[in-house]
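For reference, the structure is listed below as structure tokens.
Note on naming: letters A, B, ... go to the chains in the order of the sequence lines (proteins, then strands), and numbering restarts at 1 for each one. Computed from a predicted model, the values in this text were never measured in an experiment.
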Number of protein chains: 2
Amino acid sequence: MRILVVEDFPPLSRAIVQGLQEAGYAVDSAGDGEEGLASAQACPYDVILLDIMLPKLDGLSLLHQLRKQHHPAAVLLLTAKDTVADRVMGLDAGADDYLVKPFAFEEVLARVRAMARRRYGQREAQVVIDDLEVDLVARTVTRAGRPIALSAREYAVLEYLCARRGHVVTRMEIWDHVYDFATEPSSNVVDVYIGYLRRKIDADHPHKLIRTRRGQGYVLGEPE
Amino acid sequence: MRILVVEDFPPLSRAIVQGLQEAGYAVDSAGDGEEGLASAQACPYDVILLDIMLPKLDGLSLLHQLRKQHHPAAVLLLTAKDTVADRVMGLDAGADDYLVKPFAFEEVLARVRAMARRRYGQREAQVVIDDLEVDLVARTVTRAGRPIALSAREYAVLEYLCARRGHVVTRMEIWDHVYDFATEPSSNVVDVYIGYLRRKIDADHPHKLIRTRRGQGYVLGEPE
DNA sequence: TCCCCGATGCGCATCCTGGTCGTCGAAGAC
DNA sequence: GTCTTCGACGACCAGGATGCGCATCGGGGA
């Protein structure tokens with residue numbers, strides 16, 4: 001899952017970004033409204049955390065712009081104000097959820113998880129494929145009942161594959177959702193991580209869970 | 001689907017071309033407006049990705065020329081500017097969609113898919129013919145419920161046949177939409193791939209799904 | 001230490017070519 | 001109308017080149 005944080009107060013922004021990264025998300029941040037808009041347009045973020053009071057371009061205007069362009073991200077508004085009028089205005093503008101400052105980081109995490117899941121039309125917090133179980137809330141993976149430890153990046157790749165289970169996913173798409181802006185897509189990292197994952201959860205030959213579509217990408221699940 | 005990318009900034013161009021190829025499209029590229037116009041006139045592209053700021057001939061002029069010649073391609077404009085005036089000018093010139101830089105690759109892919117589908121008048125993301133099902137989003141194929149693995153090229157041919165289901169399609173047309181400039185049409189590749197497809201999805205004799213129209217081409221579906 | 005990521009080389013699926021065989025259809029003879 | 005003949009077109013096969021995917025190694029960073 002890839003997340004954008006638009007917040008102008010550096011300590012808060014830093015705290016949120018760090019917390020989300022620790023939770024295994026790919027996170028970018030923007031310090032004002034204009035930067036936020038540009039970033040949002042540049043990337044298919046799954047979730048955008050958006051402060052309302054921002055320099056240059058306020059959060060609600062930004063949200064309006066995004067929705068006008070049919071941006072698919074789920075938006076979580078962060079605000080100091082909490083009146084019914086504010087709340088209505090935010091949700092009317094196309095926000096998916098609403099969080100009033102001050103809030104606990106736990107709260108952020110919970111809502112982000114919920115939104116990310118909703119975004120891919122998954123009701124269940126648990127994805128089951130064959131004897132593999134991925135718990136998207138607990139962020140745990142078991143195969144045939146035995147728990148499997150994944151690194152943050154490994155989990156991120158698996159999570160994205162789960163979100164699009166049964167669909168052919170190109171390397172580029174995986175890249176887009178697992179990496180932030182820091183790196184360049186001119187390498188075989190994705191292959192490498194598919195390899196790691198297979199070694200841990202899909203050791204048999206031929207691979208039954210993560211199937212290769214030569215020249216196209218990978219598919220998770222989808223039997224036969 | 002065959003796509004032309006007209007973009008003068010090499011890194012961006014390369015990234016887009018590579019990504020689209022990975023997604024199974026036949027892609028050519030042009031580095032300036034004149035080259036772009038020449039390529040567009042030389043080939044029945046389904047989609048053209050067109051930068052506005054270009055050397056020699058700018059994107060809007062190019063677009064005007066194409067529309068004057070009734071070129072059928074769907075055009076996706078790429079631009080750094082994003083004012084209402086720009087947007088209106090682009091769409092008035094006959095563009096089908098509009099993408100503001102910087103953008104994520106996945107955004108490009110989504111819009112290209114949407115345009116390609118619209119272009120062939122398909123609402124559904126899934127094509128069903130008899131007991132054959134082709135999911136154009138998931139890029140999966142099933143016959144009588146059983147999934148069928150196709151290679152990238154096999155899928156590309158089938159996708160094009162789906163797009164023109166019920167119509168007679170010549171070899172040349174298939175070739176045009178499945179291959180880029182790299183190869184020459186002086187062979188029987190298309191026949192060969194029709195053969196591959198039939199073996200996988202249409203094994204019965206006589207072939208019910210992919211019918212031969214001697215001296216003309218092939219038809220997908222269209223009973224009797 | 002564990003995780004992350006770029007690079008290299010090998011093996012194989014995929015792709016294409018060229019050739020041969022089978023088949024369809026038109027035209028002509030009866 | 002029917003049968004025959006011939007030409008052309010399409011189907012299928014198999015060998016070989018290509019390039020993709022995968023495993024692995026090793027350096028760098030947290």
Side-chain angles (χ1 to χ4, degrees), chain A residues 17-18 21-26 139 148-158 161 168-172 174-175 178-219, chain B residues 18-19 21-24 26 139 148-158 161 168-175 178-219:
Chain A
V17 169
Q18 193 185 336
Q21 282 176 341
E22 264 167 35
Y25 296 103
R139 302 180 74 83
I148 293 173
L150 297 183
S151 78
R153 185 109 329 155
E154 286 164 1
Y155 182 83
V157 173
L158 179 59
L161 288 175
V168 176
V169 183
T170 70
R171 284 152 223 286
M172 190 75 104
I174 296 176
W175 176 274
V178 171
Y179 288 84
D180 49 38
F181 277 131
T183 35
E184 276 191 46
S186 62
S187 83
N188 64 342
V189 243
V190 173
D191 301 85
V192 172
Y193 274 86
I194 293 291
Y196 291 160
L197 273 179
R198 291 221 251 232
R199 199 185 303 169
K200 289 187 175 178
I201 67 173
D202 194 18
D204 321 326
H205 272 286
H207 304 299
K208 287 184 176 179
L209 294 177
I210 303 175
R211 206 155 282 126
T212 304
R213 284 271 184 284
R214 183 172 248 262
Q216 307 178 71
Y218 300 96
V219 198
Chain B
Q18 191 189 335
Q21 283 175 341
E22 213 173 88
R139 300 180 73 83
I148 294 172
L150 297 184
S151 79
R153 186 119 313 161
E154 287 163 2
Y155 182 83
V157 173
L158 179 59
L161 288 176
V168 176
V169 183
T170 69
R171 281 153 226 285
M172 195 57 180
E173 285 173 325
I174 296 176
W175 195 85
V178 170
Y179 289 85
D180 50 37
F181 276 132
T183 34
E184 280 190 41
S186 61
S187 80
N188 64 342
V189 244
V190 173
D191 301 86
V192 172
Y193 275 86
I194 292 291
Y196 290 161
L197 274 179
R198 291 221 251 231
R199 197 185 303 170
K200 288 188 177 180
I201 67 174
D202 194 19
D204 322 325
H205 272 286
H207 304 299
K208 287 183 177 179
L209 293 176
I210 303 175
R211 226 168 297 264
T212 304
R213 283 275 184 280
R214 198 181 175 80
Q216 309 176 67
Y218 301 95
V219 197

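Side-chain N/O atoms of A:Ser151 include one lying less than 4.0 angstrom from OP1 or OP2 on C:dC4. Contact check, B:Tyr179 against C:dC16: a side-chain N or O comes under 4.0 Å of OP1 or OP2.
The shortest heavy-atom contact between B:Leu209 and B:Asp202 is N-OD2, 3.1 Å. Listed here is the closest heavy atom pair of B:Val178 and B:Ala26: O-CB, 3.5 Å. Across A:Lys200 and A:Leu150, no two heavy atoms sit closer than the pair CD-CD2, 3.6 Å.
At least one side-chain heavy atom of B:Val189 sits less than 4.5 Å from a side-chain heavy atom of B:Tyr179. Inter-residue side-chain proximity for A:Thr212 and A:His207 is flagged as unmet; no heavy-atom pair is nearer than 4.5 Å. Side-chain contact between B:Ile194 and B:Leu161 is present, with at least one heavy-atom pair separated by less than 4.5 Å.
Atoms CG (A:Asp202) and C1' (D:dA23) sit 15 Å apart, rounded to a whole Å. Counting to the nearest Å, the P atom of C:dC15 and the CD atom of B:Glu154 are 6 Å from each other. Rounded to an integer number of Å, the gap from CZ of A:Arg153 to P of D:dA30 is 13 Å. We find that CG of A:Leu197 is positioned 13 Å from P of C:dC5, with the value rounded to whole Å. Distance CD (B:Gln21) to P (C:dC15): 14 Å, rounded to an integer number of Å. Between the P atom of C:dT14 and the OH atom of B:Tyr155 lies a distance of 16 Å, rounded to the nearest Å.
Taking every side-chain heavy atom of B:Ala152 into account, C:dC15 is the closest of C:dC15, C:dG6, C:dC4.
Formation of a donor-acceptor pair under 3.5 Å by the A:Arg198 side chain with backbone atoms of A:Ile210 is found in this model. Counting only distance, with no hydrogens or angles, the side chain of B:Gln216 and the backbone of B:Val168 share no donor-acceptor pair below 3.5 Å. At distances below 3.5 Å, not a single donor-acceptor pair connects side-chain atoms of A:Glu154 with backbone N or O atoms of A:Tyr196.
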What's touching nucleotides 7-14 of chain D from the protein side, N or O pairs under 3.5 Å?
unit_1, atom_1, unit_2, atom_2, d
D:dA8, N3, B:Arg214, NH2, 3.4
D:dC9, O2, B:Arg214, NH2, 3.3
D:dG10, OP1, B:Arg171, NH2, 2.8
D:dG10, OP1, B:Gly215, N, 3.1
D:dG10, OP2, B:Arg171, NH2, 3.3
D:dG10, O5', B:Arg171, NH2, 2.9
D:dA11, OP1, B:Arg198, NH2, 2.1
D:dA11, OP1, B:Thr212, OG1, 2.8
D:dA11, OP2, B:Tyr218, OH, 2.6
D:dC12, N4, B:Asn188, ND2, 3.0

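Remark on the helix from C:dT1-D:dA30 to C:dC30-D:dG1: inter-end axis angle 40°, axes from five-pair C1' superpositions, rounded to 10°.
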